[in-house]
Structures are given as structure tokens and as C-alpha cells.
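First comes the structure, then the notes that go with it.
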Amino acid sequence: MKPKPFPPLPPRPPQITANLDWHPLTNPWTRSTTTPASRSSLPKPSPFSTPSSTNPSLPYPLFFCSSKHDILALDTVGLLKAVDVAGDWERAAILFEWLIKNEEKVEAPAIEVIVRALGRESQHSLACKLIDSIPLENYELDIRAYTTLLHAYARSSKYQRAVKLFAQVKAKGLQPTIVTYNVMLDVFSKMGGSWTKILGLLDEMREKGLEFDEFTTSTVISACGREGLVDEAVEFFEKLKSQRFSLGTVTYNAFLQVFGKAGNLPQALRVFREMEERGCSRDAISYNELIATNVRAGFCEEGAALLDTMASKGITPNSVTYTTLIAGYGRAGKVEEALSLLHQMKALGYIPSVCTYNSVLGMLVKKSRTKEMLQILGQMRSDGCVPNRVTWNTMLAMCGKRGMEQYVSQMFVEMTNCGIEPDRDSFNTLIAAYGRSGSCDRAMKLYEEMTEAGFCLLLQLTTLF
DNA sequence: CTAGGGTTAG
């Protein structure tokens, strides 16, 4: 049976999304819109789309396309700096990639410049990609450049590589700074299962006479929050207090989360009050943590009432505040309350995030309210909100509902067309959906087809425009 | 001056 076309979504107003992970050509959500105007008139090729560096069709400046000797005569570092200073990190990246391919050895200062430029622009995955094609061990960079790189690895979830690089840096005899240590604490915190490593780093810092700062303490405590190490967090926190360390909002917020994650509302409340007693200002994140803790404990109404408290204290909620409450109502099965909060936040001018929409969509799927889901999807699109893998998996789940089975394959194809790589959850959902309509092994067959079609390649090409 | 931390969704 040939599936009917997917029910049309409401039209999308002209809107521009600047998400580089989003493919404008293959994505039906943005396909109809115009590409954002470039800063310069030249098209910007992806640094990864150049199989041959001598391809004359590439829109490089003239000197770029001329012979190797000409480029060697140039001050390449100065050129890279100039491009960077002009604020054009995309061109800087292209130039840098060209240098990697065409110079005998890229100069260390060039690496420092590109690392700094991409770090400043939060282009962490691009920084990792560019640097990974360089034999870094043959260089000695500035400690700040190494620190930025370590941070880029942390943000790209390449924890092992960060650990390796950190060891290399120390082996070179370079002195890590407080910032380097803080970044490594963050690496181990996000990597998980590394509490002893964290303690080791702290000892190292003390040995070197490096004083902890707010970044150190908040990172360590948030590691405890992630790992559920309540006692360890309390011990660390009390020690800081006894040493009269000045504890700021971020550290207190991390501490608040330790109890929040542990489901300990009374302790979270105690910490929240302590902030006020000690003159530590509470911000939206403090309130978000407290709201989340209430919601986890099943107190949705109390959480929602904190919105008024925030207003009375002059603290502006954000989309996270609303998402926390909406998701809470969703999990509690209180669909109307959740939808009304979504409506309220939009009416007040808050922009729902992809997380906000995902929690609403997930709730509606659970209740099999597919018609309302399509409505929300339409809103999402008209907001210019880019669906991510969670959204697509939720839409796949929607197709597993009665009467929607026929859309499963189409949904899966569109998901991969959009450059979203299916995860285990996608396949579980897919198999469940196919299970309803008949053939179970169609999911795997489809997966093989899709990988062969090379949708991974698509991802590579979309990193830059 | 330059490099770093805390909140939300399946």
C-alpha cells in the first residue's frame, strides 16, 4: 500500500535560522526560505568540501589560487590574523585549511590564531576537525591556545582526546594555568566516573599554589551533581566555607542542583535560603533549579507559583523556566496545564526552545493526541525552531500511533535527509512502529539503505556555508 | 586585554 502524503503543516513565514548544523537545501522546514545574506558577496565553501586544493573553481582570492611559491612568500600568519581581525572566521578557517594542505609545516602562531578565532566564535567542532589533521605533538603552542583546544574537545564530547592533549602539554614542561585546570575539571566532570581524577587535579592545583576560583568550585560541585555524589559535594562545600572562600551564585546554583538531582527538596530549600542569608544573589538559574526540584517531587503547582515569586523579586524567567514547568506538567499527565503554560509564555514574548517544543510533543504523543501534535509542529516551524534528533524521534513515535503507521518510512527518510543521524532510540521507535503495521525488519533494511546513501557525507558538507 | 563554570526536552 502506498502511503498517503504527509498531512501538510501550516505555511512558514520568512524567517532566518543561523544554525549551521541545519541543511537549508535538504530540509523541508527551511527549504522554501532564502539563505541569509552573506557578509561578503563571495560564496563560502565548506573547508571540508575541497578534495583538491588546486580546484580552480573555488572562489578563493587570486593569490590563494596561485602557485605554492607565491603563498610561501606571503606572511601567512599575518594574513590569517588580518582575516581574523576582519571578523571573518569562516574565511580564516578556509585559509587555515589551505595552509595545512599546501605548506610544508604550518607555523605555530598560525595555529594559535585559528584556535583563538574559532574559540571566540564557539566553533568548537570545527576547531577540533581542523586541528586533528595536524601533528600537534610536533608543536609547542601558547598555554592559552592549548587551553582553548582542551575546551573545544570538552564541548565536542571528545574527552579522551582532551585528556591525551593535557598529558602532552604537561610532558612538554608547560605550566597549566588555573584556567587550564578548570577546563580539565570540566572535562572529567562531563566525562563522568572520574571523581578520583577530579580530586587528583585539585591536589595538583594546591601543590602548585594555584588558588581555586568560582570556576573551580562550581565545576567540581556540578560534577558531584551529575554523579549523584551528595556527600562529596557537601564535604567540599563545607570545606570552602570553613576556609572563608567567597561562594558566588554559580557555585551555589551547582550546589542547589546536587540536592535537586538527589530529589531532596528540603535541603534544596535550605541552600536556597542560605544564599539570601549570606548575601549571595539568586538569579533565574537558582529559581529554575528550585522549580525543577519542586516539579521532580511532584509539586507542579508549587513550581508554577515560583513564577510569581520571581516576578516579585524582579527576576525574569527564561525559556528554561517554562520548559521545566511544562515538562513537569507533561510527566504528570496534566496536558491542559502544560499547553496553557506554552500559550502563556508565547503571549508574554518568550521564545519556546526546541526543548520546550520537544516536551510538549512528547506529552502529546504519550496521550495519542496526534492532531494537536501536528498543530504544535506547525507552531514550531513558524517560530523558526529547528527540530533536533529528540524532535524527530518524537515524530517517529507519533507515527507508531494508530492510523499513523503509513507515515513511518517517510518520516525516517526526512529525518535522515535533514542530516539527523538516527540513534538507538530512533530504531527502537521505528521497530515498534513497524511492529504495529507489520514488517519488523524493514527498519534495519532502511537503515542499511540510508547509510549506503551516505547521509553522513551530507553532514560533513553542511558545517559551513 | 587574551582561555574556563551553573538550568530545560525523548
Side-chain angles (χ1 to χ4, degrees), chain A residues 112-113 115-120 122 124 127 141-152 154-155 162 176-187 189-190 212-226 233 247-258 260-261 275 282-293 295-296 303 317-331 338 342 345 350 352-366 380 385 387-398 423-426 428-429:
Chain A
E112 287 166 2
V113 169
V115 162
R116 200 187 62 193
L118 296 179
R120 198 182 48 226
S122 297
H124 304 303
L141 305 181
D142 186 51
I143 187 62
R144 288 181 187 85
Y146 282 122
T147 306
T148 309
L149 255 181
L150 290 170
H151 181 233
R155 295 294 290 265
T177 66
I178 174 83
V179 181
T180 319
Y181 276 108
N182 288 344
V183 170
M184 285 312 295
L185 286 171
D186 189 44
V187 166
S189 165
K190 301 226 163 79
F212 296 174
D213 62 11
E214 268 287 309
F215 288 86
T216 319
T217 55
S218 61
T219 307
V220 170
I221 292 174
S222 78
C224 295
R226 284 198 185 90
L247 297 157
T249 304
V250 179
T251 303
Y252 260 104
N253 285 349
F255 197 47
L256 207 46
Q257 200 197 20
V258 169
K261 281 255 153 60
M275 287 178 84
R282 296 177 295 198
D283 62 8
I285 297 185
S286 319
Y287 277 91
N288 289 350
E289 296 281 14
L290 195 62
I291 290 172
T293 311
V295 159
R296 273 188 215 109
N318 54 31
S319 77
V320 178
T321 318
Y322 280 97
T323 304
T324 305
L325 285 167
I326 289 170
Y329 278 125
R331 278 189 292 265
L342 176 70
M345 77 179 281
Y350 295 101
S353 71
V354 64
C355 295
T356 318
Y357 278 116
N358 286 346
S359 47
V360 173
L361 293 171
M363 166 187 80
L364 292 173
V365 146
K366 264 199 300 194
M380 191 173 173
C385 180
N388 61 14
R389 182 152 60 192
V390 176
T391 321
W392 283 102
N393 284 349
T394 309
M395 289 195 273
L396 278 179
M398 174 182 75
D423 61 359
R424 230 189 64 199
D425 194 61
S426 317
N428 285 338
T429 312

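We name chains A, B, ... by the order of the sequence lines, and we start the count at 1 in each one.
For the 3.5 Å distance criterion, the side chains of Thr429(A) and Ser426(A) fail to qualify, holding no donor opposite an acceptor. Of the N and O atoms on the side chains of Thr219(A) and Asp186(A), not one donor lies less than 3.5 Å from an acceptor on the other residue. Remark: the Thr321(A) side chain and the Asn288(A) side chain contain an N/O donor-acceptor pair separated by less than 3.5 Å. The closest side-chain donor-acceptor pair between Thr217(A) and Thr251(A) falls under 3.5 angstrom. A donor atom on one side chain and an acceptor atom on the other are found under 3.5 Å apart for Ser189(A) and Arg226(A). Checking Asp283(A) against Ser286(A) by side-chain atom types alone, a donor-acceptor pair falls below 3.5 Å. Looking only at atom types and distance, the side chain of Asn428(A) has no donor-acceptor partner in the side chain of Asn393(A) under 3.5 Å away.
Here Ser359(A) lies in heavy-atom contact (under 4.0 Å) with sugar-phosphate atoms only. Residue contacts shown for Ala327(A) are limited to sugar-phosphate atoms, with no base heavy atom under 4.0 Å away. Nucleic acid contact class of Asp142(A) (heavy atoms, under 4.0 Å, all strands): none. Residue contacts for Arg116(A): at a heavy-atom cut-off of 4.0 Å it reaches the sugar-phosphate backbone alone, with no base atom in range. Using a 4.0 Å heavy-atom criterion, one finds that Lys261(A) contacts the sugar-phosphate atoms exclusively. At the heavy-atom level, Thr148(A) lies under 4.0 Å from the strands shown only through sugar-phosphate atoms. At the heavy-atom level, Thr429(A) lies nowhere under 4.0 Å from the strands shown. Across all strands, Thr356(A) comes closer than 4.0 Å to no nucleic acid atom at all (heavy-atom distances). Using a 4.0 Å heavy-atom cutoff across all strands shown, Arg424(A) reaches no nucleic acid atom at all.
Distance, Leu149(A) CG to dT2(B) C1': 15 Å, rounded to whole Å. Following rounding to the nearest Å, Met275(A) (CE) and dT7(B) (P) show an atom-to-atom distance of 14 Å. When the C1' atom of dT8(B) is taken as reference, atom CG of Asn288(A) falls 8 Å away, rounded to whole Å. If you measure from atom CZ of Arg296(A) to atom P of dT7(B), you get 10 Å, rounded to the nearest angstrom. Separating the CG atom of Leu361(A) from the C1' atom of dA9(B) is a distance of 10 Å, rounded to the nearest angstrom. For the pair Leu364(A) CG and dA9(B) C1', the computed distance is 13 Å after rounding to whole Å. Atom-to-atom, CE of Met380(A) to P of dG10(B) comes out at 14 Å; the value is rounded to the nearest Å. Put simply, CG on Asn318(A) is 14 Å from C1' on dA9(B), counting in whole angstrom units.
Comparing dA3(B), dT7(B), dG5(B) against the side chain of His151(A) picks out dG5(B) as the nearest. Closest approach to the Val250(A) side chain among dG5(B), dA9(B), dT8(B) is made by dG5(B) (side chain taken as heavy atoms from C-beta onward). The side chain of Arg144(A) has dT2(B) as its nearest neighbour among dG10(B), dT7(B), dT2(B). For Thr251(A), the side-chain atoms get nearest to dG5(B) when compared with the rest of dT7(B), dG5(B), dA3(B). The side chain of Lys190(A) has dG5(B) as its nearest neighbour among dT8(B), dG5(B), dT7(B). With dG10(B), dG5(B), dT7(B) as the choices, the nucleotide that has an atom nearest any side-chain atom of Arg331(A) turns out to be dG10(B).
Applying the side-chain contact (heavy atoms from CB on, under 4.5 Å) criterion to Asp142(A), with sequence neighbours excluded, gives Glu112(A), Arg144(A), Ala145(A). With sequence neighbours left out, the side-chain hydrogen bond (donor to acceptor under 3.5 Å, both in side chains) criterion links Thr180(A) to Thr147(A), Thr177(A).
In this model, the phosphate group of dT7(B) is not approached by any side-chain N or O of Arg282(A) to a distance below 4.0 Å at OP1 or OP2.
DNA chain B is contacted by Asp213(A), Glu214(A), Phe215(A), Ser218(A), Thr219(A), Ser222(A) of residues 213-222 of chain A, taking any non-hydrogen atom closer than 4.0 Å.
Scanning atom types as modelled, one donor and one acceptor separated by under 3.5 angstrom connect the side chain of Asp423(A) and the base of dG10(B). Counting distance only, with no hydrogens placed and no angle test, the side-chain atoms of Thr177(A) and the base atoms of dA3(B) include a donor-acceptor pair under 3.5 Å.
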